[in-house]
Amino acid sequence: MDESRRNFVKLMGLLFGGLALGGCRRTELAPGNVATAENADVALWKAEVREAMGRSLPAEDFVPVAVPGARAKFPGEKNRFGMAIDLDLCNHCGECILACMLENNIPRVSADGASKGRYMHWIEMRGGIPVMCSQCGDAPCERVCPTGAAVASPDGPSAMVYSRCIGSRFCAANCPSRTRKFNYEDSRALGLAAKFNPEVPLRERGVMEKCSLCVQRLQNDRLRVRMTGGDWRGKTVQSACSAACPAHAIVFGNWLDPESPLSLAVRGRGVYALKSVAKWDPSVVYLMGKV
Amino acid sequence: MFRALFAIGLLLCIPAACVLDTALSAGPASWAVDQSTFWGTPVSNFVFWIGLAHAGTFFSAILCALSVRWGRRIAFPAEISTVAAIPVAAIFPLVHLGIPLRFYFLFPLGVVRNLYVNAESPLVWDFVAIGAYFALSVIFLALHALSVKRPEFGAYRKPFAWILFPLVLWVHTLVSLDFAVTCQSAWHGAYLPVYFIIGALYSGVALVLILCEVEHRRIRHLEELLLTGSWIILPFWIWEFLCKGVWNPGVLLFGFLFPQFLWIKSVRNTRLARVALAFSAVLAMWMERLHFVMPRPLDWTSVDYGWLVLGAGVFLSLYFGLRLWFQKQNVPVCTPAFSAVDRPAHALPRRSVLFAWCAGFAVTLAWVLWFKWRVPAMPWVRFIPIAFPAIAFVAGLVLSARAFSGLVSRKVLFAVCALLGIVAGVLCAAVYRGGDTLYVEPRAEIASEAVPAEPRDAALLWRTRCAACHGEDGNRNYKFVREFFPLPTEFSAERLDSLGTDSLAKVILDGRNYMSPQRGRISETEAHNLAVYMRFLAGGAK
């Protein structure tokens with residue numbers, strides 16, 4: 001009798017514990033309908049860009065660097081894409097941020113996320129200067145990624161394979177320029193994401209992302225040129241930020257092509273990089289003054 | 001006393017479960033992290049708890065290996081505390097992941113199931129080392145418990161201790177490398193591994209002291225060790241202050257100044273004071289880990305505080321649950337200083353110990369060679385961090401297999417081995433199958449490209465659009481595909497014949513499994529031509 005009572009109490013305890021656990025479960029948010037380019041309210045994105053620019057982040061330090069060239073990692077590679085941001089022309093308007101968001105389907109963040117500074121913008125205004133991933137040739141983030149989700153691509157971009165990412169955030173902890181963005185929120189379920197560009201997937205919660213150098217544009221151009229059988233050097237490609245810049249301060253191009261607009265733009269200019277990433281051979285550089 | 005603490009632990013597990021659930025359902029957003037501080041309180045709690053676990057190994061394995069007698073008196077509680085603290089520590093990195101269900105991506109299987117594991121990442125080293133450490137700690141505890149009734153198991157303790165001794169130092173070194181290899185100047189320093197190990201042992205000594213007091217035992221050596229520890233850790237804090245300007249008055253107060261009260265005899269002789277001072281050391285190390293991981297503190301949420309409850313609840317219930325269970329099994333948890341248990345009649349032959357180490361070395365070497373063959377880009381030197389835990393793990397398994405083979409009859413042994421094999425097989429199959437690797441996403445029509453009305457050359461299309469995965473000759477592009485995506489199915493004329501051109505064209509246009517849809521990029525006629533071209537390739541491949 002005593003034994004059975006004891007067992008009964010045990011069983012009830014277990015049941016109670018199980019029910020308590022079950023009761024703690026949160027109900028899943030219903031996935032919201034993802035807006036597309038036709039029905040998304042771009043004003044919301046514009047407002048968020050303004051809001052983020054109002055934070056007045058501290059300026060970065062710049063140091064002079066050599067013009068980026070071929071990488072030892074990929075011998076014989078003909079392309080290395082990158083960008084140069086002309087700080088003499090940049091008028092700090094922030095159009096590049098918005099263009100980048102619309103091109104790459106970057107979600108907005110909730111009010112809570114905004115208050116905690118969890119904006120997803122791949123480009124940030126730091127001291128009025130647009131700062132994005134520098135696409136280091138020898139990237140520290142790629143070394144520590146346990147799953148190879150952050151991986152060097154032969155064309156120049158330090159690539160990000162979303163489906164390999166487990167969200168350990170080691171890459172971000174190891175990024176000297178702090179330009180990697182983590183998807184803290186399930187933006188699709190919260191209705192904060194829109195698929196402006198059908199060619200770019202929406203990222204799920206728990207995945208790291210960053211500037212991809214508009215890899216979808218590069219890829220489309222590569223396929224187009226390949227169909228005609230030519231030698232692809234990506235001459236006509238422009239990143240979204242570069243195309244949107246009203247002052248033409250952002251130049252996109254191929255460092256290994258002497259005729260690319262990028263190689264022409266840096267000629268005779270002072271080439272600088274973020275001090276934090278200067279020693280990792282960045283592909284995205286800044287131009288200031290003449291030499 | 002034990003029952004009360006066990007009950008408290010279980011009660012704490014209820015809020016702990018709520019915390020865990022909040023953290024898992026809301027993701028990393030639920031604790032204090034942002035877009036410039038990516039590692040938050042789970043990481044610091046992980047470092048703290050794995051540090052606590054080390055002291056258990058210190059008192060059982062290291063003191064046993066070095067034949068320090070007084071260590072035997074507390075070896076058993078210390079071993080239980082290790083086995084209880086490692087699971088607590090293991091919770092945190094799993095919760096920390098953005099997508100916890102993908103943790104199996106970290107298995108260092110080279111490129112099995114076409115998953116690429118970057119064995120250069122300290123995270124992978126951690127995963128392997130802590131897994132091996134936990135498994136061996138459990139076996140070590142089991143051997144100890146069994147040796148009470150079967151003295152022949154006592155012979156295995158010392159060889160086993162010699163496996164755990166370097167492993168425990170190795171594990172915490174790897175934990176420190178998580179930080180030391182990064183580009184963050186706040187985490188730099190060659191002293192980091194030593195600093196971490198000293199910190200771990202210091203907090204662990206304090207924990208074991210508390211656990212001994214719970215057993216109503218006073219061991220003066222522990223008090224001396226605690227005092228010594230406070231003086232050893234002090235130079236590191238001074239060094240951190242001088243080099244990096246790290247200034248944590250709270251840590252100095254709780255971690256250094258308060259333990260100095262142990263010098264005073266009347267305080268030292270008060271049980272409650274001893275416990276309180278040890279607890280202050282534990283608290284100081286916890287604070288120190290917090291500051292270390294997050295030099296720039298953020299506003300804490302309830303989840304950040306909840307980790308405390310989670311750690312305490314799980315540890316208390318595991319520790320005292322095991323403690324009570326051993327008591328029920330009539331295992332004397334506090335063995336006297338000189339018991340027959342620790343002095344086995346005859347030591348294990350040196351040959352079998354050597355064999356275990358050699359087996360570990362051989363298996364690890366085979367694995368390293370295999371990995372290097374699959375991933376030639378991996379530098380040799382980066383294998384070292386995982387190689388030692390792997391050697392220790394295999395050596396420990398071999399030793400324990402020898403130990404347990406004497407325990408049971410051959411039939412039972414066979415059954416156990418078969419069962420283990422089945423479990424291992426199922427696990428391997430699960431890892432091999434993996435989760436869903438593609439995004440569940442409504443495949444939007446991509447109409448951005450102008451598809452010419454005139455069908456283009458199928459061979460050119462194939463080379464442009466398909467060859468990236470399927471290979472120029474249809475024979476799969478291993479270089480690209482094996483790093484992540486499952487391999488496309490192999491071409492064979494029979495298979496293609498059985499599918500029919502129309503259904504192949506449909507797959508090309510609409511996609512299937514990992515095949516991405518091409519509608520909008522190529523026209524229907526072109527898809528049809530491609531299907532015909534595939535047949536040509538399959539015929540040609542024969």
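Letters A, B, ... mirror the listed sequences (proteins, then strands); counts begin at 1.
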(message) Distance alone, cut at 3.5 Å: any donor-acceptor contact between the side chains of A/Tyr119 and A/Glu51?
(response)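 Yes, side-chain donor-acceptor contact under 3.5 Å.
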(message) Under a 3.5 Å threshold, yes or no: a donor from one side chain and an acceptor from the other, between B/Ser36 and B/Arg296?
(response) yes
(request) Check each atom of A/Cys141 against the heavy atoms of chain B and say whether the ones under 4.5 Å are side chain, backbone, both or neither. (result) neither
(request) Could you tell me which of B/Val43, B/Asp178, B/Asp457 has the largest number of non-hydrogen atom pairs under 4.5 Å with chain A? (result)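 Most pairs with chain A among the choices: B/Asp178.
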(request) Report the option among A/Arg118, A/Arg178, A/Arg226 that has the most heavy-atom pairs separated by less than 4.5 Å from atoms of chain B. (result) A/Arg118
Segment of [X] engaging chain A (4.5 angstrom heavy-atom cut-off):
X	answer
B/Leu461	both
B/Trp31	both
B/Thr37	backbone

(message) Other residues, nucleotides and ligands only: do more than 12 of their heavy atoms fall within 6.0 Å of CG on A/Asn39?
(response)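 More than 12 within 6.0 Å, yes.
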(request) Walk me through it: do A/Glu209 and A/Asn104 pass the test side-chain hydrogen bond (donor to acceptor under 3.5 Å, both in side chains)? (result) CA-CA 11 Å; A/Glu209 62 184 62; A/Asn104 293 300; over 6 Å; no
(request) Evaluate the ring planes of B/Trp187 and B/Phe292, with Trp represented by its six-membered ring, and classify them as parallel (under 30°), tilted (30 to 60°) or perpendicular (over 60°). (result) parallel
